[in-house]
Structures are given as structure tokens and as C-alpha cells.
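Shown next, in C-alpha cells, is the structure this report addresses.
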Amino acid sequence: MKPVDQGINRGERLESLHTAAATLSRRTEAGGKVEEVLPLCGDLLRRSQAVPVDPGLVEQALVALSPAGVQRYLESLDLEELTVQLRRAADESVEAGLAETDEERELWAASALDALFARDRAQSVLIAVRRWQQVARQGGIPPPSLDMLFEQRLAQLDRQLISKARTLTALNPRRRTEQGLLDPQFQAEAWWFTRRSGCDDLLRKLAGETFPFPHLESCPECQRDLARTLPVESPPEPHLSEADLWKFELGELSPSQKRKCQQHAEACLECAQLLWALDEGEKAIADLERELESRPGPFLVAAPSPTPTGTRPSQRSHREVARREAYRVIAIRGPRMRVLVQPTGGRGLALAVISLPPQRNVYQPTATSEGLEFDLGETTGLEGRTARLTVRVTEGGDNELLEIPL
């Protein structure tokens, strides 16, 4: 990605301004058109150091205009269309900066610059009108009574679009040329040319270039823009897959892979719950083995049968069986069947009970750090059954009934 220079240097731009200035006296003598005289006078007033012109000549051209003609011209300017053009220019500038060919780059940049010059033309009109009114007052003539809605709408446009300046940085070489031609007192208000005109490295960094960018280290505005892009540049890691969990449970992950899974789970409640469920399954097996060991007489503990690669062990599994806006339901299958009702919004639940039709057994939950947990007993005998879960999110709220396949 590289900035666009549009092939125009300061000398060429100065020459065009001097040529325009030379026509001012002729236009005044011939009764110049308002749409030509106002923008030209404003351009020269705002660039008096780069293009010295007799101020009296500019003022003479202005006072020759009729108030009615100026008013009609101001009312004819379509500032809504100018707003659309500037919004489009912000996108086109980015396209120009990321273009792969010079031809494509110049095409996007030319369209974007047209919009910037349209906004600059409107500013020159505003400055010319202000000078016109000032000259009238100094001459003891009542200043032309003009509707100031034009100035107010321009100010509103700028408030809406000034933040777009960061997307114009691909045009910075040409923008700096225009900035250098403006008198210092007019530069700050001309944000379309001057704001972020030194931030050449921003789009290059966002485009993936890895060169040292000293400017980015010293520019607070660029640092804020880069901070906003962090979620895009470093999106959240994907959730742990079934294969990840399977390898984690069997101890087939390398230490670095296991640590990465654990670090992800620290920031991801959903994956933390999955690892918790695996851990609960291990504890349930250990509890069963201790129970068998404590019984009098001989006993046998059956070795787990081989599990086909890519599947989860039958004695330890978990799955999400329902999800609502305020909570989700996880069935945890081990030697004992458990159901976890877990809030998703950081708040607790008012009520949750489970029953197993057609019996009338009603199971009350145990509050845990992960949510409301139901112990439905040994998994044997629950295969293929469906539990009925009743959840109430808030006190006094409606009950929600869910059918939970076990």
C-alpha cells in the first residue's frame, strides 16, 4: 500500500491559481457570474500568501455582485449531495490506498479528491461571503441580508464527517500540497486537507505492512485508531473443538497445546464449562471406584472398552441441549447423569426444577459456581428418556417449560 500523489506538485498547483487570479479583473469588468466570482475570491483570500493578489481587486469583484444573486446561488448549493460525496470519498480513499495497480489507484483517488475539492469550494464561498459583508459594513453600506443557513449547514456537515479524515490518509501527499497553499489561519478549519495529513503510516499498518512506523508510536490519534482495530486484528480464538476435548481428556496434547486450551478457557465461559464437565466426569469415576473398593468381598472393576478414534468415551460426555437468551442447559453424562442450567447474562435464575415423567419425582437443584445443577441419579435407566425442565428467569416471571432429551 502506498500513498497517492496524483502527479501534481506544488508548482503546477500554484501556476493554476495564478492563472485563475489573472482572470479576476476581467470577470469584474464583464459583470462576472456569482458561481464563478465567489469561489475564486474565496480561494484567493484563503491563499493570499501563496498567491499574492491586490485585496482591493478582490473586494471590488465582491461588491459588484448583487445580494439577490448571491442568495440564489447559496440556496442552489446542494449540501446533502456534498455530504454523500464526502462519505463516498472516505471509502474511495481507502480503495486507492489498497489498490494493486497504479491505474486503479489513480481512478479511486481522482474520484475521492473531486469530493474534497467540492468541500473546499464551498468553504471558499463562505469566506468570500463573509468578506463581502465586512466590506459593506466598512463602507457604511448596510451589509447584504443573507440567510445564514448555508453556514450552519456547513458546520453541521463538518461535525458529522470530520472523523472520516483518518480514512483520507492515502491521499496525504496531495492533501499536504493543498495544506501548504492555505494561509495558516485557514488551515485548521480545512479538515478535508489538513486533519491527519501526516498520518501516512496508518493505512500501511492496517494493510499488514511490517516496516518500522515511528509516526505511529508518537501519534495519539493513530494509536487510538489501531486500538479500535485490535478485535479485528486479533479476533477471539475459536472454541475448543470435539477433537481438542478428546485429545485433552486422553492426555494426547503437548504441554504447550494443553496450556493454550486452558488459557482460552480462562477467557471463554463456554469452553471453561466443557473442561469443567470433563473434570467432573473424572471425579465421578474416581468416586465410583472408591465406592467399590469400600464394599466387603471381592469386586471387579471393568476396564473401559476401547473407544473408536474420533468419538467421545461413552462414560463421560456432555452436550448443550437447550439455549435461551438468559440461560443454557447442558447434559453431563457419566456414571451419574447431571443437568446444568447455566445463566448466560451474569445473573442468577429465580427457579429451576426437573421432573421425569411419567413418575412424579421432582428434582431440586444444587447451586454451584457454574449454575444450578441437578443430579438425576445413575445414568443406567435414563437412556433415551426425556426430562421436563421448568425455568423461571426472574421473580414473578413466567415459567418456561423445556423437554430435555437425556
- Does CZ in Arg88 sit with more than 12 non-hydrogen atoms of other residues, nucleotides or ligands closer than 6.0 Å? yes
- Are Arg13 and Glu178 ion-paired here, with the side-chain N under 4.0 Å from a carboxylate O? yes
- Verify whether the ring centers belonging to Phe117 and Phe193 lie closer than 6.0 Å. yes
- Item | Closest non-hydrogen atom pair between Val329 and Leu389, with its separation | CG2-CD2, 3.6 Å
- Message: Which residues pass the side-chain contact (heavy atoms from CB on, under 4.5 Å) test with Ile162, not counting sequence neighbours?
- Response: Trp191, Arg195
- Take Asp91 and Val94 through the test side-chain contact (heavy atoms from CB on, under 4.5 Å) and record every step on the way to the result. CA-CA 5 Å; Asp91 296 331; Val94 175; 5.9 Å; no
- Answer yes or no: is there a side-chain heavy-atom contact under 4.5 Å between Arg328 and Arg324? no
- Query: Is any side-chain N of the basic residue among Asp120 and Arg47 closer than 4.0 Å to the acidic one's carboxylate O?
  - Reply: yes
- Taking only residues two or more places apart in sequence, or in another chain, which ones meet Gln49 in a side-chain contact (heavy atoms from CB on, under 4.5 Å)? Asp183, Pro184
- Message: How about CG on Asp398, more than 12 heavy atoms from neighbouring residues, nucleotides or ligands closer than 6.0 Å, or not?
- Response: no
- Task: Of all the heavy-atom pairs spanning Glu400 and Leu402, show the shortest one and how long it is.
- Result: O-CD1, 3.7 Å
- Within a radius of less than 6.0 Å around CD of Gln185, do more than 12 heavy atoms belonging to other residues, nucleotides or ligands occur? yes
- Note on the structure: Rounded to the nearest 0.5 Å, the CG atom of Leu182 sits from the OG1 atom of Thr177 at a distance of 11.0 Å
- Query: Does a salt bridge link Glu59 with Arg131, judged by any charged N lying under 4.0 Å from a carboxylate O?
  - Reply: yes
- Query: Under a 4.0 Å N-O cut-off, is there an ion pair linking Asp158 with Lys164?
  - Reply: no
- Message: Can you confirm whether Glu80 is buried at CD, in the sense that more than 12 heavy atoms of other residues, nucleotides or ligands lie under 6.0 Å from that atom?
- Response: no
- Step through the shown structure and confirm whether more than 12 heavy atoms of other residues, nucleotides or ligands are within 6.0 Å of CD on Glu378. no
- Would you name the heavy atoms of Leu171 and Ala109 that are closest together and state the gap between them? CD2-CB, 3.8 Å
- ring-ring contact (aromatic ring centres under 6.0 Å, His included) involving Phe374 - partner list, sequence neighbours excluded: none
- Taking the side chain as every heavy atom from C-beta outward, state whether Arg224 and Pro220 have any pair of such atoms under 4.5 Å apart. yes
- Task: Please report the C-alpha distance between Val339 and Ile330 in whole Å, then the side-chain angles of each, then the deciding distance to 0.1 Å, and finally whether the side-chain contact (heavy atoms from CB on, under 4.5 Å) criterion is met.
- Result: CA-CA 6 Å; Val339 172; Ile330 296 175; over 6 Å; no
- Where do Val51 and Ala21 come nearest, in terms of heavy atoms and distance? CG1-CB, 4.3 Å
- Query: Within the side chain of Asn172, is there an N or O that forms a donor-acceptor pair under 3.5 Å with the backbone of Ser197?
  - Reply: yes
- Heavy-atom check, side chain of Glu189 versus side chain of Ile127, under 4.5 Å: yes
- Do the side chain of Thr386 and the main chain of Glu403 share a donor and acceptor less than 3.5 angstrom apart? no
- Distance (rounded to the nearest 0.5 Å) between Gln85 CD and Leu161 CG: 11.5 Å
- Message: Donor-acceptor pair, distance only, cut-off 3.5 Å: does the side chain of Ser48 make one with the backbone of Leu44?
- Response: no
- List for me each residue that meets side-chain contact (heavy atoms from CB on, under 4.5 Å) alongside Thr380, sequence neighbours excluded, and say none if there are none. none
- Is it true that Arg105 and Asp102 make a salt bridge, defined as a side-chain N closer than 4.0 Å to a carboxylate O? yes
- Message: Quick one, Gln123 with Arg119, criterion side-chain hydrogen bond (donor to acceptor under 3.5 Å, both in side chains). Give me CA distance, side-chain angles, the key distance, then yes/no.
- Response: CA-CA 6 Å; Gln123 190 69 14; Arg119 175 61 188 91; 2.9 Å; yes
- Item | Asp43 side chain to Ser124 side chain, donor-acceptor N/O pair below 3.5 angstrom | yes
- Spell out, as yes or no, whether a donor-acceptor pair under 3.5 Å connects the side chain of Thr344 to the backbone of Glu325. yes
- Item | Worked verdict on Arg166 versus Glu221 for salt bridge (charged side-chain N to carboxylate O under 4.0 Å, His left out) | CA-CA 9 Å; Arg166 65 177 177 269; Glu221 290 180 301; over 6 Å; no
- Tell me, do Val353 and Gln364 make a side-chain contact under 4.5 Å, heavy atoms counted? yes
- Working for side-chain contact (heavy atoms from CB on, under 4.5 Å), residues Val125 and Phe150: CA-CA 10 Å; Val125 169; Phe150 174 71; 4.2 Å; yes
- Between atom CG of Leu181 and atom CZ of Arg176, what is the distance when rounded to the nearest 0.5 Å? 13.5 Å
- Arg175 side, atom CZ; Ser93 side, atom OG - distance, nearest 0.5 Å: 7.5 Å
- Message: Quick check: do Arg336 and Asp375 have side-chain heavy atoms less than 4.5 Å from each other?
- Response: yes
- Supply the atom-to-atom distance Arg10 CZ to Arg174 CZ, rounded to the nearest 0.5 angstrom. 12.5 Å
- Task: Ignoring hydrogens and angles, tell me if any N or O in the side chain of Thr83 forms a donor-acceptor pair with the backbone of Leu79 under 3.5 Å.
- Result: yes
- Message: Please enumerate all residues that pass side-chain contact (heavy atoms from CB on, under 4.5 Å) together with Glu95, with sequence neighbours excluded.
- Response: Trp108
- Query: For the residue pair Leu349 and Ala326, what are the closest heavy atoms and their distance?
  - Reply: CD2-O, 4.5 Å
- Work out which heavy atom in Gln187 is nearest to a heavy atom in Thr194; give both atom names and the distance. O-OG1, 2.9 Å
- Show your reasoning for whether side-chain hydrogen bond (donor to acceptor under 3.5 Å, both in side chains) applies to Glu373 and Thr366. CA-CA 5 Å; Glu373 182 182 307; Thr366 300; over 6 Å; no
- Which of Leu57, Leu62, Val58 passes side-chain contact (heavy atoms from CB on, under 4.5 Å) with Gln60? Answer is Leu57
- Task: Take Phe186 and Leu45 through the side-chain contact (heavy atoms from CB on, under 4.5 Å) test and state the conclusion after the steps.
- Result: CA-CA 10 Å; Phe186 294 113; Leu45 288 170; 5.5 Å; no
- Note on the structure: Sorted by chain and residue number, the salt bridge (charged side-chain N to carboxylate O under 4.0 Å, His left out) partners of Arg87 (sequence neighbours excluded) come out as none
- Item | Intermediate values then yes/no, side-chain hydrogen bond (donor to acceptor under 3.5 Å, both in side chains), Glu75 and Gln71 | CA-CA 6 Å; Glu75 292 174 350; Gln71 182 66 53; 3.1 Å; yes
- Message: Working to the nearest 0.5 angstrom, can you tell me the gap between Leu82 CG and Leu77 CG?
- Response: 9.0 Å
- Item | Note, Leu86 side chain near Leu157 side chain (heavy atom, < 4.5 Å) | yes
- Message: Less than 4.5 Å apart, side chain to side chain, heavy atoms only: is that true for Val391 and Leu351?
- Response: no
